[in-house]
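Structure record follows, encoded as structure tokens.
Predicted model only: the values in this text are computed from it and were never measured. So that the names make sense, note that chain A is the first sequence line, chain B the second, and so on, each numbered from 1. All values below were derived from every heavy atom in this structure, side-chain atoms included, with hydrogens, water molecules and symmetry-related copies excluded.
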4 protein chains.
Amino acid sequence: MQGGSILTLSENKIRKKKEEIILSAVKIMNEKGYQRATMEEIAAELQMTKGSLYYYFKNKEDLIFQCHELVLEQAIGELREVFHNCISNEAILRQMIAVHIKYAVLEKESFNMIIKPDETFSTDQLHPILKKRNEYASWFDRVIIAGIDCGEFSIKESKMARMLLLGSLNWIQQWYKKDGENSLLELQNIYSDYLLKVMK
Amino acid sequence: MQGGSILTLSENKIRKKKEEIILSAVKIMNEKGYQRATMEEIAAELQMTKGSLYYYFKNKEDLIFQCHELVLEQAIGELREVFHNCISNEAILRQMIAVHIKYAVLEKESFNMIIKPDETFSTDQLHPILKKRNEYASWFDRVIIAGIDCGEFSIKESKMARMLLLGSLNWIQQWYKKDGENSLLELQNIYSDYLLKVMK
Amino acid sequence: MQGGSILTLSENKIRKKKEEIILSAVKIMNEKGYQRATMEEIAAELQMTKGSLYYYFKNKEDLIFQCHELVLEQAIGELREVFHNCISNEAILRQMIAVHIKYAVLEKESFNMIIKPDETFSTDQLHPILKKRNEYASWFDRVIIAGIDCGEFSIKESKMARMLLLGSLNWIQQWYKKDGENSLLELQNIYSDYLLKVMK
Amino acid sequence: MQGGSILTLSENKIRKKKEEIILSAVKIMNEKGYQRATMEEIAAELQMTKGSLYYYFKNKEDLIFQCHELVLEQAIGELREVFHNCISNEAILRQMIAVHIKYAVLEKESFNMIIKPDETFSTDQLHPILKKRNEYASWFDRVIIAGIDCGEFSIKESKMARMLLLGSLNWIQQWYKKDGENSLLELQNIYSDYLLKVMK
DNA sequence: GATGAATGAGGGTTCATTCAT
DNA sequence: AATGAATGAACCCTCATTCAT
């Protein structure tokens, strides 16, 4: 039923290809930034030609949009899991911080789109992006509020605390270097420690 | 004396014009991002033509570079003053946070440029930019280290604390709205409170 | 075999187009000079648009470069043939002069480019151009030296004699008119006579 | 009478300035070629500003035109002198060759305009240029014809011989290097020897 | 006479996008 | 489903030219 018809088969094939392209795009963008990543390069990475991309995506913006969606979806998935698998709110928040840092550093550019979507997207696509971005942020809100409610956290302004938290994390990608002094793990721990001092 | 003043007059005129252009550039760039801001638009904003800009700036990169310099220089000036006029390190840091927020919010456009210089500048100009950026940051480092030394602050990783601090502040411009719930003053106070919890 | 021919087909097609463009470029350039020939005009001549040229050539310099190469290659081919098919060095030199005059007059535009490569090319491409130009000239050197060795010619400075010879021939295109008093054949004969007086 | 009035005085001043500019222009052009020589550079050489040039010359073409005139006038002057001061036609021709080589090498670019005036000048100015160029060439014609008439030279086609001669000389500037193997004097002698073999 | 400043036309180049095959 | 080829709009930059002062 689910995968029976021929149509679905070819649809599956297309979806596969789309994902491949998105991954390639994400890679190139992480190297060069979105504006400088050209359709040509993205295609070349997959040994395709420029024109072929337009079979799968309406235009460049659409492609970037879907890159963003994919990455954000994944990240949200991880947040959700963390949320349901940890016990204390502190533990959850620590895990979430770790997840965010991981994405901010490793998926730098595609994650970056969260930061300044209005420079990247036209009005049409801006809305769903912002929605997803809010969904992502809301997981942080949840823990913080839960923490406040059960007395684990003492801050008053949950929204602003979340802003502070995410802001400080986003910034990491501006300076973090893979071969630098600190490992990703150290980073995750230190930031967790510091940011929990804010919350408590 | 005579020659001097005449010279200064025309030099002043050119400097004025340069500043005008820089302000225009900064405005456009913040609306559209650096890459998408065109020389034409920047000129049009001032009712000039594209070509005229090249009378004042060698090329686009040079213009962006000087935008950077101007704003950063001003901000550094304010930090310096704060540093020398306050008593406790906590007081200094609070003031510095206030200054940074003010720039990030009110001079949003200009200050923004600090964020991603490496995508904007060629290697030649990247270096002096990073230097100035470091100079700016170093004022924060100084207070933090001084605070640690005299026991006011307890954090271990001064550099990372500074990163966290500046990152969280930079992010403010992503969401802050003049007519929003919080006044600038409230913002400055809350962020100071929260970030000092990190330091102590 | 199948793959080979298909490949060759499309390769051939692209080579054809490239040649078309080169011919167009060569025509425009000889009307206006290299600097004043614009990519737009070159394209317009073929009812293409500027941008399309960049599908075939990296940039203007590359296009000019290949113009050079193509014509020079052909001419070298003819010299080589002459060299191997004639008996006396005098006969060879006469034939070579005829070839050179033919190119200078009939393929005026293309051949012209040999004249001032150093104002046209950047250092990178200058070298291979000069090399090919030298290769062309070296065929003349060979006959002259051979002629000297076997006593047919009596001049001392073979290099300078070659310069004089080629210089005088190149100049022909400055004044020669198809419908003028002298036929091409007369021209070839008279110049041969005169220049051989130099050699003997 | 000649230089009495104030008007003439200032006219003289203007003429002086014009010559200065022309010399500067000639210098820059000899370094960069005419197309690449900018009004700015020419002015800078004289510590003037671009705009001032337009007080003295209608436009760039006019300036180039007058450069050309000046140099050609000088060269013609030298030819005239040679013509009247030498005894045998051979001696005259040798001297003329020396003069031409000197200009072709030392005043490379300004002399060069003789070579391809149609690329440099619009129809308006082309005519007087060609006229002067013919005047220049006619001095060579005269000696050659005189030489034929008195039996010194044996060639039949005086025009073509002159073309051959000037062509070979013009070409020198394509390859001659100041610090090369041959001094200017050697060059003048060798070319004279070779070209007189043609005439005789 | 000279200059500073501005202009505008044009050139080279890039690149997302289209479309016939 | 993919490609090769072409397009055209947009961008940066240069430079001869102008003109008020």
In Å, rounded to the nearest 0.5 Å, how long is the span from CG of B/L72 to CD1 of B/I129?
8.0 Å
Where at least one partner belongs to residues 59-68 of chain D, residue pairs that pass salt bridge (Lys or Arg N to Asp or Glu O under 4.0 Å), sequence neighbours excluded:
none
Would you list the pairs meeting salt bridge (Lys or Arg N to Asp or Glu O under 4.0 Å) in which at least one residue belongs to residues 41-50 of chain D, sequence neighbours left out?
D/K27-D/E45, D/K32-D/E41, D/E40-D/K50
Nearest-Å distance, CG (A/L46) to C1' (F/dA1)?
14 Å
Need two values: the first and the last nucleotide of DNA chain E, 5' to 3', having an atom under 4.0 Å from any heavy-atom of chain B.
E/dG4 to E/dG10
Distance check needed: F/dT3 C1' versus A/M48 CE, whole Å only.
10 Å
Nearest heavy atom decides the nucleotide; on that basis, is C/I14 or B/M39 closer to the 5' end of DNA chain F?
C/I14
What distance separates A/K58 NZ from A/Q66 CD, expressed to the nearest 0.5 Å?
10.5 Å
When rounded to the nearest 0.5 angstrom, what is the spacing between CD1 in C/I28 and CE in C/M39?
12.0 Å
With B/F57 as reference, evaluate B/I64, B/L63, B/I42 under the side-chain contact (heavy atoms from CB on, under 4.5 Å) test and give the passing residue.
B/L63
Check every strand shown and say whether D/A37 touches a base, only sugar-phosphate, or nothing at a heavy-atom separation below 4.0 Å.
sugar-phosphate
Thinking salt bridges, do C/R36 and C/E31 make one under a 4.0 Å N-O criterion?
no
Taking C-beta and beyond as the side chain, do D/M48 and D/Y56 meet within less than 4.5 Å on heavy atoms?
yes
Heavy-atom contacts under 4.0 Å between residues 50-60 of chain C and DNA chain F, which residues?
C/G51, C/S52, C/Y55, C/Y56
I need the full list of side chain to side chain donor-acceptor pair (under 3.5 Å) pairs touching residues 13-24 of chain D, with sequence neighbours left out, sorted by first then second residue.
none
Length of the CD-C1' vector between C/Q47 and F/dT7, whole Å
15 Å
All stems that DNA chain E takes part in, i.e. 3 or more consecutive Watson-Crick or G-U pairs with distances under 3.5 Å, are E:2-21 with F:2-21
Heavy-atom side-chain proximity of C/Y34 to D/Q35 below 4.5 angstrom
no
Could you state the atom-to-atom distance from CD1 of B/I42 to P of F/dC13 in whole Å?
11 Å
Rounded to the Å, how far apart are B/E40 CD and F/dC12 P?
9 Å
Please find the pair of heavy atoms, one from A/T49 and one from A/A43, that lie closest to each other, and give the distance.
C-CB, 3.6 Å
Measure the distance from CD1 on D/I28 to P on F/dC15 and round it to the nearest whole Å.
13 Å
